[in-house]
Each structure stands twice: as structure tokens, then as C-alpha cells.
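Lettering follows sequence order; numbering is per chain, from 1.
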4 protein chains.
Amino acid sequence: MPLSEEQRLNMIKKRQKILDSAITLFASEGYEGTTIKKIAESAEVSFGNVFTYFKDKEQLFLASVVEPLGTFSEQVLDFNTDAEDPLVELQEMVTKHIQLFAGVKSYLTLVAQVVGQPHRYPAAFEQLDQFHDQLREKISCLIKNGQHKGVLMKQDTMPVATLYTSLLIGIRLNNTDTRYSKIWDQYISPALQLFGPIN
Amino acid sequence: MPLSEEQRLNMIKKRQKILDSAITLFASEGYEGTTIKKIAESAEVSFGNVFTYFKDKEQLFLASVVEPLGTFSEQVLDFNTDAEDPLVELQEMVTKHIQLFAGVKSYLTLVAQVVGQPHRYPAAFEQLDQFHDQLREKISCLIKNGQHKGVLMKQDTMPVATLYTSLLIGIRLNNTDTRYSKIWDQYISPALQLFGPIN
Amino acid sequence: MPLSEEQRLNMIKKRQKILDSAITLFASEGYEGTTIKKIAESAEVSFGNVFTYFKDKEQLFLASVVEPLGTFSEQVLDFNTDAEDPLVELQEMVTKHIQLFAGVKSYLTLVAQVVGQPHRYPAAFEQLDQFHDQLREKISCLIKNGQHKGVLMKQDTMPVATLYTSLLIGIRLNNTDTRYSKIWDQYISPALQLFGPIN
Amino acid sequence: MPLSEEQRLNMIKKRQKILDSAITLFASEGYEGTTIKKIAESAEVSFGNVFTYFKDKEQLFLASVVEPLGTFSEQVLDFNTDAEDPLVELQEMVTKHIQLFAGVKSYLTLVAQVVGQPHRYPAAFEQLDQFHDQLREKISCLIKNGQHKGVLMKQDTMPVATLYTSLLIGIRLNNTDTRYSKIWDQYISPALQLFGPIN
DNA sequence: AATGAATGAGACTTCATTCAT
DNA sequence: TATGAATGAAGTCTCATTCAT
């Protein structure tokens, strides 16, 4: 007697709720500061039920870092390296990134923890690092395009890309607000300067 | 019976050794990942002796964050807002900052933890935040000076200052190496772009 | 709606399969070392289904010890106390016992557990103890017969019977092999000595 | 400041008390049936303190099996294979063994558990098995001596030795009393028959 | 009857802190 | 001051049992 469709959906929802609670708590309380009990309470799930969905705390942490990465990276990587007008593309990319980073507080705090202590979370770090490389590579391409077209000043592109991603994670770390607000818009224009636009 | 001078010095050294070990371990293993036993072993001090110098773990953590701040902030704040040539001053500041951040891995990883989880470490965060404000303020002044002298493009100065400090903590987070190396020099020039230099 | 004959048979088979798995596992992993999940997997039955056939773990354990006892005791007690030639009867009994004990590894390991920790499994122990008494009594009778007929030396019979059953459970404990093999035959002749045969 | 002699002695006593409690409990309740809490209570020691002396439950179990083995094996192996009068030596050996096994209930129940589930306690079994081999070997020698001198009937010696050790562990398993009593003496003479004495 | 998710009690273990020496 | 044994609270995880489907 397999599970009914309704039950299956319910379980998927439940799993997601646990994961969301875990992300929030891991982000704000840290790995050891977060107890399974807290997660269960926050997700309105019984203590033991957490283990129905995640083998152990470590796996739950890993899932908290890795699972949202798919959607997130897709959004972050959504820009065109071969754009006709690289300056406009850059502007749009920066705008989107800033707004995205403004709105995703918990997850990015979690990411910052993993990035800050790679040897403590090797599996999670591995995945993040891979994405990070991909992102920097793609940004680097767009910059090269801009330099080619003479709208960006000539400079090594990878350091700039690295600085840019550092800046993104850095502002997320430095800001305590949870949602996007006008304040974040102020960052767009100076952040663009990093790429050395020629007007 | 008062302690001899030699004993007093010895104790000061011991305390510092414990603090250094604590910083390294808190940085790499996190707060609850770091045990008093590990700290004692790393500092080559007996287990119970740690409590002779620090009341409890929390205070030791606080000291790990706060005590190095004095020297560190002095170095970071060592630039002249009223410089004759703000561009040169900026260049020197950025160079110094990058080199400084390159060389202080453990402590800054620790700082990033506190900044990322402010409500978990309120006392420590308070101090760091205060320093951060002071730093941004001072950088903002230097930028204003540059804009006044027409060597920097006009833009809101605080967002730029914030971006700059974000960038600093961000590159520290993104790099795993423990010491300054030539690689870090690549960041200086693009980081300068952030301020919108006019040549 | 009563169950069809086929269903009834199926359930009986299923119950036996669970019991067999339980015996094997209880024997090799011990009571708490054995989980319902393991039993279910081993019996190729769903987890919850185990509880359809056995109220709880304790009852399943009890059944594991008690149910096979019927067949087993029948075989063990199958010898003739009033045999014409008690020496031959003894020889045949010992041979049969050794072969039987050689072939029933799991169950006897389980029995040994219960016998070794009587106060932990009082109900199970009770039953085994009763059978044990019966067995010793019957062996004692056969010995007496032999002594009467002058083919066994005179000695107290109960201690000999007890030693004999001890020896049987002891060799089972000391041997790791699961099936009867020629090795076991070596034990027959010396075991017979226990009874003090006169030739 | 190393520990004082008195403290060291105290710790040794404490460790032994824990070990003794563990042996008793493991014997009567089994491995999983025995909790650290129970052991601590029985040894009149705080819960956490158990871990000062034994890394974890498994190690405590191993120590419970292995540490008493030294004294025990010494006593069990204390007989002379080259005795002038092997019959007398055998008689003395059996007497001593029976009395020894009568008086060491808990430890031998524990031994029986390990022997019965070797794959569950591989490390402990290893040690016991080694001792067992040594014992059988030595008994075998004494039997050979007796056969040589014509006071024991000719038969394979190893099976007899194995039967004898089986018998010893078997009677220990079958008897519930904790101390040596006259009852045990009844076993001596029939047990001797096993070796096929010629009078 | 059959299934497997849900529950929470209870086990092991770690570790900050206390304290006697 | 220095040491490390003693304590027990708190955390993770397992698993028998229940129960809705």
C-alpha cells in the first residue's frame, strides 16, 4: 500500500518547512548553536520526525547549504556575457545581484559561515566554491567583452570579478536588514565603478 | 605576598598565549566547536589554568574579539583625511588595508563570524560595530576631501565607504591563504576604482 | 468477511518467517541489538506488519524462545529409558544430541542467552528450565537403568545428567560453525565416558 | 602539581569499583541492558565520572572482559602437565576448576555472552579465544601424559580437552548460585570420567 | 491486513564549570 | 597560581510503539 498522492505532497511540504527552519536557525545561531529541538519546534514538527527526512544533523546542514543553491545560482548567473551593450548589461547585473542579495539574508549568512570556515564544512564548501568559480568566470567574460568594446578600462579581469563577489557577500554580511529596501540601491552605482566604466 | 616582576610578566605572556590560541581556534572551529581543552592544549597550558585568566568561555570569546581590536583599529585608521593629495592617500590606504587584511586571517575570520551573527554575540558585535562606524566615517571624510579637490567623482560617500569595508571583509572571507602574498596586490588597483578616481 | 484458506496459510507462513528472522537476529545481535526494522527487513515484511503478528518486541522474543521448544524438546527427549541395552541407547542418544546441537546454532545461542541471564528473561527462562529439568530427569533414568544392568559404573545420576546437558550447551557455545560436520563426531565417544561405561 | 599518592590510589580504587560494577551489570543485564547511569549508581560514582576512567561504553565493556582475564587465566592454567601421577594431577585440576568456576559467577556469565556472540564483541572474543586455545592445549598435554603412562585410555586428546572446557562453561551457565558450595563437589568425579581414567 | 510516517522517551557522550589539593 | 578530577546539564540519535490511511 504505497502512500497516497496527498500524503506524498504533505511530506514534501514538511521536508521543506524543516529545511527552511534549519536554514534560518543555522544562519542566526550557527551550526552548534542550532539544536534539532529548536528546528523541530520552529518547523512545527515533532523532534524525532526531523530524522525521518534527514539522516542526521550534518546532512541537514549540508542540505541547507546545497539545496537552495540551485535556484539561487540560476538567478545569480542570469546575465549575458556577450551582450551588445556590456555597460547596460553590467548595470542590470549589479542591480539584480544587489536586490537578490538584499532579499536573501538567512541563506547568505549561512553561506558566509561555510565560506569562512571551509575546513569545518568541507562538503558544503566544495559546492559553494564550485559555484563561486563559475560565477567569477562568467563575470570575467562579461568584463572582457566590455574591455573589448572599449567601454571598460583595461585591467586584469579575474581580480575584479573576485572583488565584486567579495563585495556582494561583504555587504550582505554588513547589513542586518532582512528585505530589499531603497537603501540598497545606493550601492549599485558605486559598485559599478569597480569595473572601471568609461563614459 | 605580592608576585615578583618575573612572575607577573610570565602571567601576562601566558594570558596572551591562551588568547592567541583561542582566536585561532574560535576562528577555525567556531564558538561551540572550540573546547576549553583544545585551547589549553594549543596554548600549552593546563586545562584548569585557562579559568585563572578568563572567567568563562564567553568572556574568553569576548576578549578574543575585543582585545586585538585596539591594535588592529589603530592600523586600519592610520590614514589622513585631510591629505593634500587625496588620491595618493587613498592609494596608500587601500594598499595598507589589503596587506593588513591579507596578513590577519584568523582574527578577521572571527570578526566575520560575529558580524554575521550579531544577536548571538551582542557584546562583541557592539564593539566591532562601533569601530566599523568610525572607520566608515573616516573613509567618508577622505572621499569628501577628494571630491572637493575634484580628484574623485561626485557620489554619496557613505555607501562607497560601506562598499569598501564590505569589500575588505569579503575578500578576506573569499581567500584561504594565511599570509600576504603578491596575489593580493592585484586587488589594490581595481579596489581603488570603487572611489571613482578622475585622472 | 472471513479470510480465505489461502490467506490464512499465507499469514501463517509470514508469521513463521518473521519468527525465524527474529531467532537468527536475537541470537547473533542480542535482544536490544536487534531492532524491529532489522527483523522486518530480514523477513521481507513491512516494518509495521511485524506488529500484526506479535504484540510487541518482548512477546516476539518470548515466542522466539518458546515456540521452537516443542519440536526441539521432542527430538531431544526421543530416547528410551528402559532400553534393553542401555549402553547402545546411550550411544545413540549422545550421537543424536551432538548432531542435533551441531545443526541448531541460532536457536541454541538464543537459549544460552536466556539461560545466562534468567532474571532478564524470566518467562522464557521458566519454560527452558522446565524442559531442562525434564531432560535431566529422563537422562537420569536411563543412567539408572544402565547402572542396574551393570553396564555403567555406580555414581549419583543427577550430577552426571547435569554435566551432560552442560556439556551439550557448552560445546554449542564453543563452536562457531553453523552446520553439522564430521568434527562433531569426535565428541561422541569422549562424551560417552561421562556416564562411566563398563566394557 | 602532579596528583598526590593518596589521590592516585583513590583513583585506582574508583576505577576498580566502576569495573566491578560494570562486570556485574553487563553479566546480568547484557551490554545494551546495562546503562552507564546504572553502572555509575552501582559504583557510587557520578555519571560523568565514568568517562574519566573509560573512554566510552565499548571500552568499558572490553575492559570488563579483558582485565580480569589475567588473574583468572593464571589460576585456571595452574596445573602441571608433566606430573608424575597424571591421575592425581587431573583430579586436582578438575577440583580446582570446579571450585573456581563455582565462585566466579558474574565474570563467567559475561564470558559466556562474548563466546556466544563472537562477531558482536570481536575484540573481547579474540582475547578469550586465545586464552581458550592455550587452556585446551595445556589440558591436552596433561591427557597425553596420562595416556603415555597408561592411566588414561587412548583417545584423541583435543576433543576431550574441548569437551572439558565446554563442560566447565556449561555448568557455570546452568547453575544460578553465586558462590561455591558442596553441590559443586558432586560434579568433580563424573567430570573426571571424561578423560577415561583406568583404575 | 499492510504500510510506513510520527512521536518522544531514553541512551550515550561531550564539555563548561567547580573545587579540592 | 596550577592542576585535573568530578559533576551533571544538554545535545544527538535510536527505536519501540502508535496510528492514520
Side-chain angles (χ1 to χ4, degrees), chain A residues 1-8 10-11 14-15 32-40 45-58 60, chain B residues 1 3 7-8 10-11 14 31-40 45-60, chain C residues 1 3 7-8 10-11 14-15 31-40 45-60, chain D residues 1-8 10-11 14-15 31-40 45-58 60:
Chain A
M1 212 185 328
L3 292 159
S4 72
E5 189 63 15
E6 197 200 336
Q7 277 176 310
R8 267 197 46 246
N10 227 314
M11 285 184 70
K14 217 165 173 177
R15 188 179 185 283
E32 269 92 357
T34 300
T35 67
I36 303 285
K37 194 166 170 276
K38 281 188 203 168
I39 294 171
V45 150
S46 86
F47 174 76
N49 205 189
V50 173
F51 295 96
T52 307
Y53 296 90
F54 300 93
K55 198 178 123 284
D56 55 25
K57 195 182 178 184
E58 196 176 317
L60 177 50
Chain B
M1 187 175 50
L3 293 137
Q7 278 177 310
R8 248 179 31 86
N10 222 318
M11 285 184 68
K14 224 164 165 177
Y31 182 78
E32 3 270 316
T34 300
T35 67
I36 304 287
K37 194 166 170 277
K38 280 188 201 166
I39 294 172
V45 151
S46 88
F47 172 69
N49 207 4
V50 172
F51 294 94
T52 308
Y53 296 92
F54 300 92
K55 191 177 129 279
D56 56 25
K57 195 182 178 184
E58 199 176 317
Q59 198 184 97
L60 176 50
Chain C
M1 186 176 51
L3 292 137
Q7 278 177 310
R8 246 178 34 84
N10 222 317
M11 284 185 68
K14 224 166 166 178
R15 189 179 184 282
Y31 183 77
E32 2 269 317
T34 300
T35 67
I36 304 286
K37 193 165 170 277
K38 280 188 202 166
I39 294 171
V45 151
S46 88
F47 171 70
N49 207 4
V50 173
F51 294 94
T52 307
Y53 296 90
F54 300 92
K55 194 178 126 276
D56 55 26
K57 194 183 178 183
E58 198 177 316
Q59 198 185 98
L60 177 49
Chain D
M1 211 186 325
L3 292 158
S4 72
E5 190 62 16
E6 197 201 337
Q7 276 176 311
R8 268 198 43 247
N10 227 314
M11 286 184 70
K14 218 164 172 177
R15 189 180 184 283
Y31 182 78
E32 270 93 357
T34 300
T35 67
I36 303 286
K37 194 164 169 278
K38 282 187 201 167
I39 294 172
V45 151
S46 87
F47 174 74
N49 205 8
V50 173
F51 295 95
T52 307
Y53 296 90
F54 301 92
K55 196 177 126 285
D56 54 25
K57 195 184 178 182
E58 196 177 317
L60 177 51

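- Checking the phosphate oxygens (OP1, OP2) of E:dA6, a side-chain nitrogen or oxygen of A:Lys14 falls inside 4.0 Å.
- In this entry the distance linking OH of D:Tyr31 with P of E:dA11 reads 14 Å, nearest Å.
- In this structure, CD of D:Glu32 is placed 17 Å from P of E:dG10, rounded to the nearest angstrom.
- Rounded to whole angstrom, the span from the CD atom of A:Gln7 across to the P atom of E:dG4 amounts to 11 Å.
- With the 3.5 Å cutoff on both pairing distances, Watson-Crick and G-U pairs in DNA chain F assemble into runs of at least 3 at E:2-21 with F:2-21.
- Here the closest non-hydrogen pair linking D:Asp56 and D:Phe51 is CA-CE2, 4.2 Å.
- The interatomic distance linking C:Met11 (CE) with E:dA2 (C1') rounds to 10 Å, in whole Å.
- Among the nucleotides F:dA16, F:dG11, E:dC12, the one closest to the side chain of D:Ile36 is E:dC12.
- The environment of NZ in D:Lys37 is sparse: at most 12 heavy-atom neighbours from other residues, nucleotides or ligands sit within 6.0 Å.
- At whole-Å resolution of the value, CZ in D:Arg8 and P in F:dG4 are 14 Å apart.
- Mapping D:Thr35 and B:Lys57 onto DNA chain E via the closest heavy atom, the residue that lands nearer the 5' end is D:Thr35.
- When rounded to the nearest whole Å, the span between NZ of A:Lys37 and C1' of F:dA10 equals 10 Å.
- More than 12 heavy atoms of other residues, nucleotides or ligands lie within 6.0 Å of CD in C:Gln59, so this atom counts as buried by the packing criterion.
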Check the pair A:Ile39, A:Leu60 against side-chain contact (heavy atoms from CB on, under 4.5 Å), reporting the backbone distance first and the verdict last. CA-CA 10 Å; A:Ile39 294 171; A:Leu60 177 50; 3.8 Å; yes
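- You'll find the side chain of C:Lys14 reaches within 4.5 Å of the side chain of C:Asn49, heavy atoms only.
- Looking only at distances, a side-chain donor or acceptor of C:Lys57 sits under 3.5 Å from a matching main-chain atom of C:Thr34.
- We find that CD of B:Glu58 is positioned 18 Å from P of E:dC15, with the value rounded to whole Å.
- Of the residues in residues 46-56 of chain A, those with a non-hydrogen atom less than 4.0 angstrom from any atom of DNA chain E are A:Ser46, A:Phe47, A:Gly48, A:Asn49, A:Thr52, A:Tyr53.
- Nucleotide E:dT17 holds its C1' atom 14 Å from the CG atom of B:Leu60, rounded to whole Å.
- Comparing C:Thr34 and D:Val45, the nucleotide of DNA chain F nearest to each residue sits closer to the 5' end for D:Val45.
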